[in-house]
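Read through the structure below, which is laid out as structure tokens, and then see the notes.
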Protein chains: 2
Amino acid sequence: MIRRTTSQKKAIQEVFQKSDRPLGIEEIVSAGRQIIDSLDQSTVYRNLKLLVEQGWLLKISHPALGTMYERSGKGHHHHFHCRFCNKVFELPGCALNEEKLTPAGFVTEGHEVFLFGACASCKN
Amino acid sequence: MIRRTTSQKKAIQEVFQKSDRPLGIEEIVSAGRQIIDSLDQSTVYRNLKLLVEQGWLLKISHPALGTMYERSGKGHHHHFHCRFCNKVFELPGCALNEEKLTPAGFVTEGHEVFLFGACASCKN
DNA sequence: GTCGTTGCAAAGCCTTTGCAGGGAA
DNA sequence: TTCCCTGCAAAGGCTTTGCAACGAC
């Protein structure tokens, strides 16, 4: 299907390009409205869905914070949730022994890891 | 606050005692209705909340399957989601190097790990 | 008899969908 | 001009809440 370039979609992409961490819908909508103030939530939802389908974004289901989105192409990594500022940070690398955890007879295809605690700015 | 022992609450607890894996609301309601057929969803939600507050249950937010509940007191463990039968199994032990993953300046308080793939019964 | 609990229905969130008008190509 | 996309409103899931009747103690 042919896609058109709209100012709304560009605004949403711009929001992600300015961010180095996963964003929730609330954050995306409010940051997007600073670029296009008429931006509607349903437009954001529709574009997020398209951008995920096109591989430009990844959807994350965070256990505590719900659905979030981040730019794709960052390789395998995990997430840290600061309980104080409620931001999610990306953790480079992976420290999980998948094989050790997999029960006999099971086949593991992938995994997700979420850490939580206090980020550097909030640990005081 | 004083709590009363009702047949509905006992039925819900019975459902968990018969299960060795986390259950979703749908499963809890339908299994509970086999014991008390008038059991209402809102009653289940209310009792699950109470049982979590009382420490009898743990609430899990699974990235793919949403909210699930499991009996508490099983120690630190993680979960395996079979993409075929959609059941969640408990994985004894932990194979995560939390320290290695934590960025400098951050304080990690805990973590969650979710594996996914095929269980022994579904791997064919 | 009290007052916590239940079932039912209604209301709240978050997300998706229908529709007519608007804008990209 | 075409027809995809947007904004608005309505509708869907899941979960919570209000309320009168019920039932544990």
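Proteins get letters first, then strands, A, B, ... in listed order; numbering begins at 1 in each.
Cluster partners of A/Phe89, using a side-chain heavy-atom cutoff of under 4.5 Å among ILVMFWY residues and allowing indirect links, are A/Phe80, A/Leu91, A/Leu96, A/Leu101, A/Phe106, A/Val113, A/Leu115, B/Phe80, B/Phe89, B/Leu91, B/Leu96, B/Leu101, B/Phe106, B/Val113, B/Leu115.
One interatomic measurement links the two molecules: CE of A/Met68 to C1' of C/dC14, which rounds to 15 Å at whole-angstrom precision. In this structure, the CD1 atom of A/Ile12 is 11 Å from the C1' atom of D/dC5, given to the nearest Å. In this structure, the CD1 atom of A/Ile28 is 13 Å from the C1' atom of C/dT15, given to the nearest Å. One atom, CG of B/Leu39, and another, P of D/dC22, lie 18 Å apart when rounded to the nearest Å. Per the geometry, CD1 belonging to A/Ile35 stands 14 Å off P belonging to D/dT6, to the nearest Å. Rounded to whole angstrom, the span from the CG atom of A/Leu51 across to the P atom of D/dC5 amounts to 11 Å. Straight-line distance from the CG atom of B/Asp40 to the P atom of D/dC22: 16 Å, rounded to whole Å. Across the protein-nucleic acid pair, B/Ile36 atom CD1 and C/dG7 atom P stand 7 Å apart, rounded to whole Å.
The neighbour count for A/Lys74 NZ, taken as heavy atoms of other residues, nucleotides or ligands under 6.0 Å away, is above 12.
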Quiz item: How does protein reach along nucleotides 17-25 of chain C, written 5' to 3' as B (base within reach of a heavy atom under 4.0 Å), S (only sugar-phosphate), or - (no contact)?
Solution: BB----BBS

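Place B/Glu26 and A/Asn47 on DNA chain D by their nearest nucleotides, and A/Asn47 ends up nearer the 5' end.
Side-chain polar atoms of B/Thr108 and B/Thr102 form a donor-acceptor pair below 3.5 angstrom. A/Glu70 and A/His79 are linked by a side-chain donor-acceptor pair at a separation below 3.5 angstrom, with hydrogens and angles left out of the test. When only modelled atom types and interatomic distance are considered, B/His111 and A/His81 share no side-chain donor-acceptor pair under 3.5 Å.
The hydrophobic cluster containing B/Tyr45 does not contain B/Leu50, counting ILVMFWY residues as joined when their side-chain heavy atoms lie under 4.5 angstrom apart, directly or transitively.
In this model, the phosphate group of C/dT16 is not approached by any side-chain N or O of A/Gln41 to a distance below 4.0 Å at OP1 or OP2.
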